[in-house]
There are 2 protein chains.
Amino acid sequence: MPNMKDTIKTVAIDLFYKKSYFASGISDIARLAGIQKSSIYYHYSNKEDILFDILNTTMLDLNSSLNQRLEGLKTAEEKIQAAIESHILFHIERQKEVIIADSELRGLSIENYKTITKMRDDYEGKFQKILKKGIDDGSFIKTDYKIISYGILTMCTAVCLWFDQKGRLSKDEIARIYKGFLINGLKKSHRSNSRHQE
Amino acid sequence: MPNMKDTIKTVAIDLFYKKSYFASGISDIARLAGIQKSSIYYHYSNKEDILFDILNTTMLDLNSSLNQRLEGLKTAEEKIQAAIESHILFHIERQKEVIIADSELRGLSIENYKTITKMRDDYEGKFQKILKKGIDDGSFIKTDYKIISYGILTMCTAVCLWFDQKGRLSKDEIARIYKGFLINGLKKSHRSNSRHQE
DNA sequence: TAGTCTACCGAACGATCGTTAGATAATGGC
DNA sequence: GCCATTATCTAACGATCGTTCGGTAGACTA
């Protein structure tokens, strides 16, 4: 017997994912939750409040998921691999929510928008810190770590857009393939100086 | 003196980009175009028709942009570099439209949806063909070319989300950085067999 | 048993939605 | 000077939007 607020949130995630935030009505949510639309306002103060609740918990969970995964790791290579894995797995496991988080920020008021983007920027910052460290200590190729962090993050984020539960590859296989490809791209190639190799 | 249909399309691109398709009203478009909302229906049969027009021309242009850029190229490495560059530059030059194309497919009817996704799949197919060729002839590392094609495409697609006209890097620099990173990731690393190197 | 709180309901609010109908003014061909 | 076409207008349509209001059944508290 789950409480009604959770039910509302769950059906809202479903609707926002399928139809987008603005195309989903309060009455749609109410119908799927099995209550009258006015009852929604007992649990949430307005429509945007539902969206914010979804985005907020998603970002919180994403962040703590990363922190947990990074605990105890030392080298930049270990860390970036763990971060990539954490990011990919979260984006598969929480597919609907992260798709909403990526596409519905325009539904937020200015203050709420700032709250969410602040969390996103902090999260990105952790990836950038790892990359910078790896470049500085010579384990990664010299490159623009900010731009590359965007690249890595968006590449792994987009997994949520095409991942198919019944597809050919499991989430762990996808994480492994991407980790390998990205690490290969980050590490010094045969063409550059080979001080660290051989 | 541009014609009104183009004006409508231009302001619609602006609005859909800023506020999303469903949050933008016909009256918004009309106001910005300087006409009454009923006049919209002289040029477009309904709201979705405007969206489809935007997505359709965007996909057509994206495709012909790639075809042009690939002309005359032979090796997989040349081709994938050219394809990456074409993709990135297009996503910077047509920033607003590609963002709409990436997020507003849910606004289309089933038939229109099929038309657009067909074009997108054909486009993706060209990247996959190049990657497969490069893997088969030994110039790229053995990897899952479908998954990697998604990765490369989404990574380069997402440039449109963070690129800033007044930012630190020009579009050509970004294209160069990404090309370098991705090629490095695709080519055999120092750790694998080195038959092709030295 | 009276009062309070929780979780909902039904009905209505004004505003806006996408769309249509019919009128009109300007233009160009015959 | 007449007719058709083009491009726009005003006015209105029913439907739906997010939100608010007052009411109420049931559970818990004193």
Side-chain angles (χ1 to χ4, degrees), chain A residues 1-56 100 103-113 115-116, chain B residues 1-56 100 103-113 115-116:
Chain A
M1 204 141 308
N3 71 34
M4 182 52 71
K5 186 161 185 174
D6 286 344
T7 305
I8 292 170
K9 194 171 173 178
T10 305
V11 304
I13 289 171
D14 233 69
L15 271 171
F16 295 171
Y17 164 72
K18 280 188 198 139
K19 307 209 307 172
S20 91
Y21 172 66
F22 287 109
S24 307
I26 290 285
S27 21
D28 295 326
I29 300 172
R31 191 169 18 82
L32 287 177
I35 53 172
Q36 294 299 313
K37 61 175 174 172
S38 55
S39 305
I40 302 271
Y41 290 84
Y42 178 76
H43 302 282
Y44 287 100
S45 61
N46 52 40
K47 191 187 175 189
E48 189 204 328
D49 198 22
I50 304 175
L51 177 62
F52 179 73
D53 188 18
I54 294 170
L55 300 185
N56 191 238
I100 297 168
S103 56
E104 304 292 5
L105 289 182
R106 288 169 296 187
L108 296 175
S109 68
I110 303 167
E111 313 95 80
N112 283 341
Y113 179 84
T115 306
I116 300 296
Chain B
M1 204 141 309
N3 71 33
M4 182 53 71
K5 185 160 186 176
D6 285 345
T7 304
I8 292 169
K9 194 171 174 179
T10 305
V11 304
I13 289 171
D14 232 69
L15 271 171
F16 295 170
Y17 163 71
K18 280 187 196 140
K19 307 209 308 174
S20 93
Y21 173 67
F22 287 109
S24 307
I26 290 285
S27 23
D28 296 326
I29 299 173
R31 190 168 19 81
L32 287 176
I35 52 172
Q36 294 298 315
K37 61 175 175 173
S38 56
S39 304
I40 302 271
Y41 291 84
Y42 177 76
H43 303 281
Y44 288 100
S45 62
N46 53 39
K47 191 187 173 189
E48 189 204 327
D49 198 22
I50 304 176
L51 177 62
F52 179 73
D53 188 17
I54 295 170
L55 300 185
N56 191 239
I100 297 168
S103 55
E104 304 292 5
L105 289 182
R106 288 169 297 187
L108 296 175
S109 67
I110 303 167
E111 312 96 80
N112 283 341
Y113 179 84
T115 306
I116 300 296

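Bear in mind the structure is a predicted one, so any value in this text is a computation, not a measurement.
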Visitor: Distance check needed: C/dT20 C1' versus B/I40 CD1, whole Å only.
Guide: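 Going from CD1 in B/I40 over to C1' in C/dT20 covers 15 Å.
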Visitor: I want to check something: taking the side chain as every heavy atom from C-beta on, are B/L108 and B/T115 in contact at a cut-off of under 4.5 Å?
Guide: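 No, side chains not in contact.
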Visitor: Protein within reach of the bases, or only the backbone? For nucleotides 8-18 of chain C, mark each nucleotide 5' to 3' as B, S or -, using heavy atoms under 4.0 Å.
Guide: SBBBB----SB
Visitor: Angle between the two end axes of the helix from C/dT4-D/dA27 to C/dG29-D/dC2, five base pairs per end, rounded to 10 degrees?
Guide: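 Inter-axis angle at the ends, rounded: 10°.
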Visitor: Which value, rounded to the nearest 0.5 Å, describes the distance between B/E111 atom CD and B/I116 atom CD1?
Guide: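 So the CD of B/E111 and the CD1 of B/I116 are separated by 12.5 Å.
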Visitor: Report all side-chain donor-acceptor pairs from residues 16-31 of chain B shorter than 3.5 Å, counting only partners two or more places apart or in another chain.
Guide:
unit_1 : atom_1 : unit_2 : atom_2 : d
B/K18  : NZ     : B/D14  : OD2    : 2.9
B/K19  : NZ     : B/D28  : OD2    : 3.4
B/S20  : OG     : B/A23  : N      : 3.3
B/Y21  : OH     : B/E48  : N      : 3.2
B/S24  : OG     : B/L15  : O      : 3.4
B/S24  : OG     : B/S20  : O      : 2.7
B/D28  : OD1    : B/R31  : NH2    : 2.7
B/D28  : OD2    : B/G25  : N      : 2.9

Visitor: Does B/N3 offer a backbone N or O that forms a donor-acceptor pair with the side chain of B/T7 under 3.5 Å?
Guide: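 A pair under 3.5 Å: yes.
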Visitor: Go through the structure and list residues passing side-chain contact (heavy atoms from CB on, under 4.5 Å) with B/Y42, not counting sequence neighbours.
Guide: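 B/Y42 satisfies side-chain contact (heavy atoms from CB on, under 4.5 Å) with no residue once adjacent residues are dropped.
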Visitor: Got a sec, which residues hit side-chain hydrogen bond (donor to acceptor under 3.5 Å, both in side chains) with A/K9, two or more places apart in sequence or on another chain?
Guide: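 A/K9: side-chain hydrogen bond (donor to acceptor under 3.5 Å, both in side chains) contacts with A/D53, A/T57.
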Visitor: For A/S38, give me all partners under side-chain contact (heavy atoms from CB on, under 4.5 Å), at least two apart in sequence or on another chain.
Guide: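 A/Q36.
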Visitor: Taking C-beta and beyond as the side chain, do B/I40 and B/I50 meet within less than 4.5 Å on heavy atoms?
Guide: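 Contact flag for B/I40/B/I50 side chains = yes.
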